[in-house]
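Here the structure comes first, spelled out in C-alpha cells, and everything after it is commentary.
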Protein chains: 2
Amino acid sequence: MSIAEEADVETLSFGPLENSVGFLLRIAQLTVYERTFAELDRRDVPIGEYTILLAIGLNPGVRQGVLADRLRIKWSNMTKLIRSLEGRGLIERLVSPRDRRAISLRLTAAGETWVEEHKALVLRAVERSVASLDEDEQKTLQSLLRKVAGWPQL
Amino acid sequence: MSIAEEADVETLSFGPLENSVGFLLRIAQLTVYERTFAELDRRDVPIGEYTILLAIGLNPGVRQGVLADRLRIKWSNMTKLIRSLEGRGLIERLVSPRDRRAISLRLTAAGETWVEEHKALVLRAVERSVASLDEDEQKTLQSLLRKVAGWPQL
DNA sequence: TATTGTTATACTCTATAACTATA
DNA sequence: TATAGTTATAGAGTATAACAATA
C-alpha cells in the first residue's frame, strides 16, 4: 500500500451499468429492504416467513413446490423453512390424496392468528419503504416488475 | 402429517403483496439474477467483483467507504472483497494524502485488462436478462429504480 | 469525539448432489 | 423414467461489535 496521488471521488459513475436494469434492480431492492427491515426490526417479523404464511393463508392447500418455485426458493431450502413453520405450529403439512408424493399446506388456527396480528405492521413498513414514488409511479413500477419476473399482469 | 382434503392450487395469489413494490422488487431481482448467472456461469465472472472493478476503473482514486456505501456493502465486508482483489493484483490500495485514514482505490494494469476482457460478456448477459421489456419500458424502469434507490436521475 | 477502515465471529442464505417415495 | 420432496453439506453473503489510527 502506497500513497495516493489523486483526490478522492465523491460522485461516482458506473458507466454502462447505470443503464442496466439488472444492476439497478439489485441496488433498489437492497435499499428498499434496508428501509423495510429498519421499520420491522428484522428479528421480530421475518418478511420471508410472513410472505410464505400469507400465501398459504390465501391459497389453502397449495403445494409446497409450487410455492417455492413462485418465490424463487430452492426445494431443498423450502423444506427447512416449511418444517420450521410446522414445528412452531403455524402450518400443517398434508399429503395430497391425489398425488401422494405431494405436500399441501394450510395454516393452523395459530398461523392465521399470527398472520392477522402482523398484517398491519408489515403492510405499513412495505408501503413506507417506497414513499419516494407517487401513486402512478408505483403502479407503473409494479407492472414493469411483474413483466420482468414473468408474472401475469393483474 | 395427515391427508389433505382439498386439491392443490396451481395459480397463486399473494394478496396485498401483489401490489407491493418491495415484494415485486425482490422477485424481479431474483429472476433477473438467475438469468444473468445462467449466461455468465457465475464462477467465471462474479458480477459483484466485476461491478467493483468497473467502478474503480471509471472513478480512479475512489475512496473505499464511498464505494461500499453506494453499492450497499458493509465496510467490514468491503474490506475482505478489496483485499481479495488486491491480493490477485487487480487493484491498488493507496493511502489518501489528504486524509491518512482513507484508502483510495485504482486499477492496476492487470485490473484494467481484466475489466476490458470481460466487458462484452457481462454487458451481453445483463442485456439479455431483461429482453422481455422493450426499449421504452427499460428506460422507464431504470428511471423509477434510480428514484427508489435514491440515485440521481441521469 | 467522530470518522475510516480492519478484524473476528456468528448467522443466514443459497447451491449442489445423492437419496426416498410415488407417478 | 420423471416428479415431489428430503437430507446433508459446503460455500457465499451478511450482520455485529470491538478495535486502531487519524481527523
Side-chain angles (χ1 to χ4, degrees), chain A residues 1 3-4 8-10 26-27 29-31 33-34 36-38 40-49 51-52 61-87 91-105, chain B residues 1 3-4 7-10 26-27 29-31 33-34 36-38 40-49 51-52 61-87 91 93-105:
Chain A
M1 192 166 78
I3 302 292
D8 293 339
V9 176
E10 296 294 327
R26 173 150 176 84
I27 301 295
Q29 201 260 324
L30 291 173
T31 304
Y33 262 55
E34 260 176 35
T36 306
F37 284 157
L40 286 181
D41 188 12
R42 182 181 200 164
R43 284 134 297 202
D44 286 328
V45 185
I47 187 76
E49 291 192 344
T51 302
I52 292 173
V62 62
R63 193 162 67 68
Q64 178 173 321
V66 170
L67 187 55
D69 288 346
R70 199 71 185 279
L71 294 175
R72 305 267 158 196
I73 297 171
K74 295 254 180 301
W75 286 16
S76 55
N77 297 325
M78 193 65 165
T79 298
K80 287 184 293 189
L81 289 170
I82 292 299
R83 292 298 179 111
S84 165
L85 294 172
E86 184 194 30
I91 64 172
E92 287 177 317
R93 295 168 55 257
L94 310 158
V95 172
S96 169
R98 303 189 190 176
D99 181 343
R100 301 186 0 87
R101 295 171 302 182
I103 302 295
S104 69
L105 305 172
Chain B
M1 191 165 79
I3 301 292
D8 293 340
V9 176
E10 297 293 328
R26 173 151 175 84
I27 301 295
Q29 202 260 323
L30 291 173
T31 304
Y33 261 57
E34 260 176 34
T36 305
F37 284 158
L40 285 181
D41 188 12
R42 182 180 199 166
R43 283 133 299 204
D44 286 328
V45 186
I47 186 77
E49 291 191 343
T51 302
I52 291 173
V62 63
R63 194 162 65 68
Q64 179 172 322
V66 170
L67 187 54
D69 287 346
R70 199 71 184 277
L71 294 174
R72 306 266 157 196
I73 297 170
K74 295 256 181 299
W75 286 15
S76 55
N77 297 325
M78 192 65 165
T79 297
K80 286 185 293 190
L81 290 170
I82 291 300
R83 292 298 179 110
S84 165
L85 294 172
E86 184 193 30
I91 63 171
R93 295 167 55 256
L94 309 158
V95 172
S96 169
R98 302 190 191 175
D99 181 342
R100 299 183 5 84
R101 294 173 302 184
I103 302 295
S104 70
L105 305 171

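Chain identifiers are assigned alphabetically (A, B, ...) following the order of the sequence lines, protein sequences preceding nucleic acid strands; residue numbering begins at 1 within each chain.
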TODO: Confirm from the modelled atom types if A:Ser76 and C:dT16 form a donor-acceptor pair under 3.5 Å, side chain to base only.
DONE: yes
* **B:Gln64 and B:Thr79: CA distance, side-chain angles, deciding distance, side chain to side chain contact (heavy atoms under 4.5 Å, CB included) verdict** => CA-CA 8 Å; B:Gln64 179 172 322; B:Thr79 297; 3.8 Å; yes
When every non-hydrogen atom of B:Thr31 is compared with those of A:Arg72, the smallest separation belongs to OG1-NE, 3.3 Å
A:Glu34 CD to D:dT14 C1', in whole Å, measures 11 Å
note: A:Met78, atom CE; D:dT3, atom P; distance rounded to Å ~ 20 Å
Closest heavy-atom pair, B:Arg93 versus B:Leu105, reported as atoms and distance to 0.1 Å, is CG-CD2, 3.9 Å
B:Leu67 atom CG is separated from C:dG5 atom P, nearest whole Å, by 11 Å
>> Quiz question: going by heavy-atom distance under 3.5 Å, is there a donor-acceptor pair between the base of C:dT4 and the side chain of B:Arg101?
In response: no
In whole angstroms, the gap separating P of D:dT14 from CD of A:Gln29 amounts to 10 Å
query: At under 4.0 Å, does any side-chain N or O of A:Arg63 touch on OP1 or OP2 of D:dT3?
result: no
Next item on the list: Confirm from the modelled atom types if A:Lys80 and C:dT12 form a donor-acceptor pair under 3.5 Å, side chain to base only.
Entry: no
From the candidates D:dT22, C:dT6, D:dT6, the one with an atom nearest any side-chain atom of B:Asp99 is D:dT22
- [ ] Indicate whether OP1 or OP2 belonging to C:dT6 is found under 4.0 Å from a side-chain N or O atom of B:Arg93.
- [x] yes
Between A:Leu30 and B:Leu71, the two heavy atoms sitting closest are CD1-O, 4.2 Å
From CH2 of A:Trp75 across to C1' of D:dA2 the rounded distance in Å is 11 Å
Rounded to whole Å, CZ of A:Arg26 lies from C1' of C:dC13 at a distance of 12 Å
Whole-Å distance, B:Phe37 CZ to C:dC13 P, equals 17 Å
Go through the N and O atoms of the side chain of A:Thr79 and the base of D:dT7, and report whether any donor-acceptor pair is under 3.5 Å.
-> no
To the nearest angstrom, the CD1-P distance between B:Ile73 and C:dT6 comes to 13 Å
Please state whether the phosphate of D:dA15, meaning OP1 or OP2, lies under 4.0 angstrom from any side-chain nitrogen or oxygen of B:Lys74. yes
In terms of heavy-atom contacts, B:Trp75 and B:Gly65 come closest through NE1-O, 3.5 Å
Closest to the 5' end of DNA chain D, once A:Leu30 and A:Gly65 are matched to their nearest nucleotides, is A:Gly65
Quiz prompt | Any A:Arg100 side-chain N or O less than 4.0 Å from OP1/OP2 of C:dT22 | solution = yes
